[in-house]
**Q** 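I'd like to ask you about the structure that follows.
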Amino acid sequence: MRATELYAPTLRESPAEAELISHKLMFRAGFIRKAAGGIYSYLPLGWRTMKKIMQIIREEMDAKGGQEIMMPITQPAEMWKESGRWAVYGDEMMRLKDRHGREFALGPTHEEMITTLIRDEVRSYKQLPLMLYQIQNKYRDEIRPRFGLMRSREFVMKDLYSFDKDVEGMNISYQKMYDAYSRIFERCGLKFRAVEADNGAIGGGHSHEFTVLAPSGESSIAYCEKCNFAASDEKAELKIIQTAPEELKPLEKVQTPACHTIEKVKNFLKVPIEKTIKAVAFMDDAERLILAFVRGDHEVNEIKVINSVEGANHLYMAGDKLIEKAGTVAGFMSPIGISNAIIVVDQSVMLMTNAVAGANEIDAHFINVTPKRDFDAEKIIISDIRMVQEGDPCPHCGEKLKMTRGIEVGQVFTLGKKYSEALHATFLDEDGTTKPFEMGCYGIGVGRTMAAAIEQNNDADGIIWNRAIAPFEVVVVPVNAKDDKQLAFAEEIYNELQKSGVDVLLDDRKERAGVKFKDCDLIGYPLRVTISPKTLESGKIEVKVRRSGEFLNFERENCVKSILELLETL
RNA sequence: CGGGGCAUAGCGCAGUUCGGUAGCGCACCUCGCUUGGGACGAGGGGGUCGCAGGUUCAAAUCCUGUUGCUCCGACCA
């Protein structure tokens, strides 16, 4: 490919709306252009990288027995109504009607489509397991699209669905995909973690998110450096914190004027924060008051609260009125002597002794609270409801956990029979009984992976591509393309590299050297071969490594071999 | 959905307060000169000032409505 024939409009400035580095750089380097909020065109360079990522995905999916298919974007409403998600999905689903008034959705995902696709054809356990995947545009009408390809409304996604005859088979498929995902992101050269995730409403089974580590990421994860543990902050399970045994003192009520925050209580009573019990008041959809109690230095994890209270789907902050009705008062709440509320107590709180908790009246607290003795165990829910914090012990090995931020680029999870039952997709098993499929679903955001790679690999000059997903591996730059000698020599090198299978670009534009160098750095080709009067004279060629910035000089005769060797290290 | 901001040439912006018929930098075209890190000079092309009404002799500028974009929050891949 010649730069004079390549459509790669680079810009010195980026639009005001781009705030994320990956967004700015993809825009400036001529990878993407915006059509509407959260909707983008991919220009040649961007699409080359997308195709390379997709190719890696294909190879790894195929290696595990996946078969590629292509399903429609436009999906009839009937199948969504059948699964019950037409109503559930809400405004996030792009909907449309055809000329006859029939309803359709632009697919946000393809569980319904694939399940109805195979349900009439796959009738026997002998046809299982089955793994089908596609790489397709998906649509989610985000409330607020932003960050370029990171959170868009139309995006390219690979999704594979597995069908097995039983749970064991499903777990094998899951493990295959887990392994494939690890290989995919390794091959893309990304630093990532497979993170234990909450699979929320889908329920049951397991789920991992593949998260690329980057400070700009939207999700927060906890991980252990000693063992393999990593979990999203919402999911991270926590061990019970043992407290040193103490002689139990009798419960006592004391006055604590104007001490409605833990900070004030702790200072007023001169107790360490670990000896205080904090309350957070929530309300659920049914307007039930839910009081959550954690240690003073801990935070409440709302997801865990939802999971531990039966029937709760969403939590909102509770109003004062509701709190009053329960016979307590904000700032001075405790489970002692309360009735009209659902009380959820963190497991670590139950092991505390001689602690401080509210007295359910203004300006008063209990001291010497020992939950095991003083809480009515019949009325409370004891559960792990706290948010993980840096330094918490790892639930697997006990080492101190670290926290980091990341970009979720893929997720694997088991669906079980959820969709096969809802859509009546069954097969006949060996024993002659009819059973619904055990399904799994595995997604990768292709555009997001490209964006994440840039977030993780860039500098002040531009993008730094890993060789595997760079739009071109090598760029050959004659500093002055108007000089026939230089151009001819550059073409020689270019042809030789191309013959050796290198994905190479010849920058034959008649621009000044500075302009071309700036573009090379911005676009981020891993290697730049520079041809100049200097190199013509010395008989050597100069190679610049984008990532390290180092310059290498190779002998003309075996320069292709040297470049190939160098590429192996990138 | 709550609260801000913006909309003027492909991109980044000024002009709006105080109405007088649109400008700057980058990009683009031509010529000259230059060629190892986004040169320079000269000339040039390109804008229904988001859209629709209204006020006025006159509207980018004032008024009303509307659409789009964007930031923070709530929500989420």
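Proteins get letters first, then strands, A, B, ... in listed order; numbering begins at 1 in each.
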**Q** What's Thr530(A) touching, base or sugar-phosphate or nothing? Going by heavy atoms closer than 4.0 Å.
**A** base
**Q** Name the closest nucleotide to the Glu542(A) side chain, picking from A77(B), G36(B), U35(B).
**A**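 Taking heavy atoms from C-beta onward, the closest nucleotide is G36(B).
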**Q** Starting at CD of Glu511(A) and ending at P of G37(B), how long is that distance when rounded to a whole Å?
**A** 14 Å
**Q** Does a donor on one side chain and an acceptor on the other come within less than 3.5 Å for Tyr223(A) and Thr404(A)?
**A** no
**Q** Give me the distance, rounded to whole Å, that separates C6(B) from C49(B) when you measure between the C1' atoms they each carry.
**A** 14 Å
**Q** Would you mind pulling out the nucleotide paired to G38(B), Watson-Crick or G-U wobble, both distances under 3.5 Å?
**A**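 Pairing partner, where one exists within any strand: none, as none qualifies.
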**Q** Under 4.0 Å, counting only non-hydrogen atoms across every strand here, what does Lys534(A) touch: a base, just sugar-phosphate, or nothing?
**A**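 The answer is base, as Lys534(A) lies within the cut-off (heavy atoms under 4.0 Å) of a base atom.
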**Q** Base, sugar-phosphate, or nothing: which does Arg33(A) touch, judged by heavy atoms less than 4.0 Å apart?
**A**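 Result for Arg33(A) = nothing.
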**Q** Categorize Glu13(A) for me: base, sugar-phosphate, or nothing, with a 4.0 angstrom heavy-atom threshold over every strand shown.
**A** base
**Q** Reading RNA chain B from 5' onward, which residue's closest nucleotide shows up sooner: Leu11(A) or Phe27(A)?
**A** Phe27(A)
**Q** Hunt down the Watson-Crick or G-U wobble partner of C69(B), both distances under 3.5 Å, from any strand shown, or write none.
**A** G5(B)
**Q** Extract all donor-acceptor atom pairs below 3.5 Å that involve side chains of residues 34-45 of chain A and protein atoms in other chains or at least two apart in sequence.
**A**
{"residue": "Lys34(A)", "atom": "NZ", "partner": "Glu17(A)", "partner atom": "OE1", "Å": "3.4"}
{"residue": "Lys34(A)", "atom": "NZ", "partner": "Glu17(A)", "partner atom": "OE2", "Å": "2.5"}

**Q** List the atom of Met439(A), the atom of Ser420(A), and the distance in Å for their closest heavy-atom pair.
**A** SD-N, 4.0 Å
**Q** Under a 3.5 Å limit for both distances, which nucleotide forms a Watson-Crick or G-U wobble pair with C18(B), could you say?
**A**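 Base-paired to nothing in any strand shown.
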**Q** Tell me whether the count of non-hydrogen atoms from other residues, nucleotides or ligands lying under 6.0 Å of CG in Asn228(A) goes above 12.
**A**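 For Asn228(A), atom CG is not crowded (no more than 12 foreign heavy atoms under 6.0 Å).
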**Q** With rounding to the closest Å, how many angstrom separate the C1' atoms on G32(B) and A39(B)?
**A** 14 Å
**Q** How many whole angstroms separate atom NZ of Lys34(A) from atom C1' of A7(B)?
**A**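 It works out to 12 Å between those atoms.
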**Q** Across the strands shown, which category fits Phe147(A) at heavy-atom distances under 4.0 angstrom: base, sugar-phosphate, nothing?
**A**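 Result for Phe147(A) = nothing.
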**Q** If you only use heavy atoms from C-beta on, which nucleotide in G38(B), U35(B), C76(B) is closest to the side chain of Arg28(A)?
**A**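 Shortest atom-to-atom distance from the side chain points to G38(B).
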**Q** Grab the CD-P distance between Glu142(A) and A77(B) for me, whole Å please.
**A**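 Between P of A77(B) and CD of Glu142(A): 9 Å.
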**Q** Tell me which donor-acceptor pairs under 3.5 Å the side chains of residues 187-195 of chain A have, and how far apart each pair is, sequence neighbours excluded?
**A**
{"residue": "Arg187(A)", "atom": "NH1", "partner": "Glu59(A)", "partner atom": "OE1", "Å": "3.1"}
{"residue": "Arg187(A)", "atom": "NH1", "partner": "Glu60(A)", "partner atom": "OE2", "Å": "2.8"}
{"residue": "Arg187(A)", "atom": "NH2", "partner": "Glu59(A)", "partner atom": "OE1", "Å": "2.7"}

**Q** What's the gap between G3(B) and C40(B) when it is taken at their C1' atoms, as a whole Å value?
**A** 50 Å
**Q** Please state the P separation for the pair C18(B) and G10(B) - nearest whole angstrom.
**A**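 Approximately 31 Å lies between the P atom of C18(B) and that of G10(B).
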**Q** Please state the P separation for the pair U64(B) and A22(B) - nearest whole angstrom.
**A** 27 Å
**Q** Using the P atom as the point on both nucleotides, what is the distance between A7(B) and C62(B), in whole Å?
**A** 12 Å
**Q** Roughly how many Å is it from CZ in Arg509(A) to P in U35(B), rounded to a whole number?
**A**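 The distance from CZ of Arg509(A) to P of U35(B) comes to 19 Å, rounded to the nearest Å.
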**Q** Strictly by modelled atom types, are Ser219(A) and Glu408(A) linked by a side-chain donor-acceptor pair under 3.5 Å?
**A** no
**Q** Between Lys544(A) and Glu550(A), is there a side-chain N and carboxylate O pair less than 4.0 Å apart?
**A**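 Between Glu550(A) and Lys544(A) there is no salt bridge, as every charged N stays at least 4.0 Å from the carboxylate O atoms.
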**Q** Can you tell which of C76(B), G38(B), A77(B) lies closest to the side chain of Gln411(A)?
**A**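 Of the options given, the side chain of Gln411(A) lies nearest A77(B).
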**Q** Please compare Asp521(A) and Met150(A) by the position of their nearest nucleotide in RNA chain B and report the one closer to 5'.
**A** Asp521(A)
**Q** Write down the distance between CD (Gln486(A)) and C1' (G36(B)), rounded to a whole number of angstrom.
**A**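 Whole-Å distance recorded here is 10 Å.
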**Q** Atom CG of Leu25(A) and atom C1' of G38(B): how far apart are they, to the nearest Å?
**A**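 Atom-to-atom, Leu25(A) to G38(B), this comes out as 16 Å.
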**Q** Partner of G43(B) by Watson-Crick or G-U wobble geometry, both contacts under 3.5 Å, or none?
**A** C29(B)
**Q** Do Arg2(A) and Glu491(A) meet the salt-bridge criterion of a basic N to acidic O distance under 4.0 Å?
**A**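 Yes, charged N to carboxylate O under 4.0 Å.
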**Q** Taking Asp233(A) first and then Arg405(A), would you say they form a salt bridge - that is, a charged N and a carboxylate O separated by under 4.0 Å?
**A** no
**Q** How far, in whole Å, is A58(B) from G50(B) if one measures between their C1' atoms?
**A** 23 Å
**Q** Does one side chain, of His110(A) or Gln134(A), offer a donor that lies under 3.5 Å from an acceptor on the other?
**A** yes
**Q** Without decimals, in angstroms, what is the distance between Leu20(A) CG and C71(B) P?
**A**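 Atom CG in Leu20(A) sits about 11 Å away from atom P in C71(B).
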**Q** Within the 4.0 Å heavy-atom criterion, would you say Lys482(A) contacts the bases, only the backbone, or no part of the nucleic acid?
**A** base
**Q** Where the side chain of Thr10(A) is concerned, which of C76(B), G37(B), G38(B) is the nearest nucleotide?
**A**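 Nearest listed nucleotide: G38(B).
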**Q** On the side chain of Asn480(A), is there an atom forming a donor-acceptor pair with the base of G36(B) - under 3.5 Å, no angle test?
**A** no
**Q** Over all strands shown, is Asp483(A) touching base, sugar-phosphate only, or nothing at heavy-atom distances under 4.0 angstrom?
**A**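 The residue Asp483(A) makes no contact with any strand.
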**Q** Contact class for Thr535(A) (heavy atom, under 4.0 Å): base, sugar-phosphate, or nothing?
**A** base
**Q** Both distances under 3.5 Å, Watson-Crick or G-U wobble: report the partner of G23(B), or none.
**A** C13(B)
**Q** If we take the C1' atom in both G47(B) and A9(B), what is their distance in whole Å?
**A**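 Roughly 5 Å separates the two C1' atoms.
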**Q** Using the six-membered ring for Trp and the full ring for Phe, Tyr or His, decide whether Phe155(A) stacks on the six-membered base ring of A77(B) (centres under 5.5 Å, planes under 30°).
**A** yes
**Q** State plainly whether the residues Lys304(A) and Glu237(A) are in salt-bridge range, i.e. N to O under 4.0 Å.
**A** no
**Q** Identify each atom pair where a protein N or O and an N or O of nucleotides 39-46 of chain B are less than 3.5 Å apart, giving names and distance.
**A**
none

**Q** If you check the Arg153(A) side chain, which of G37(B), G36(B), C69(B) turns out closest?
**A** C69(B)
**Q** Rounding to an integer number of Å, can you tell me how far Lys516(A) NZ sits from G36(B) P?
**A** 11 Å
**Q** Both distances below 3.5 Å, Watson-Crick or wobble geometry, any strand: find the nucleotide opposite C62(B).
**A** G54(B)
**Q** Need one value for Lys544(A): base, sugar-phosphate or nothing, where a base atom within 4.0 Å counts as base even if backbone is also close, heavy atoms only.
**A** base
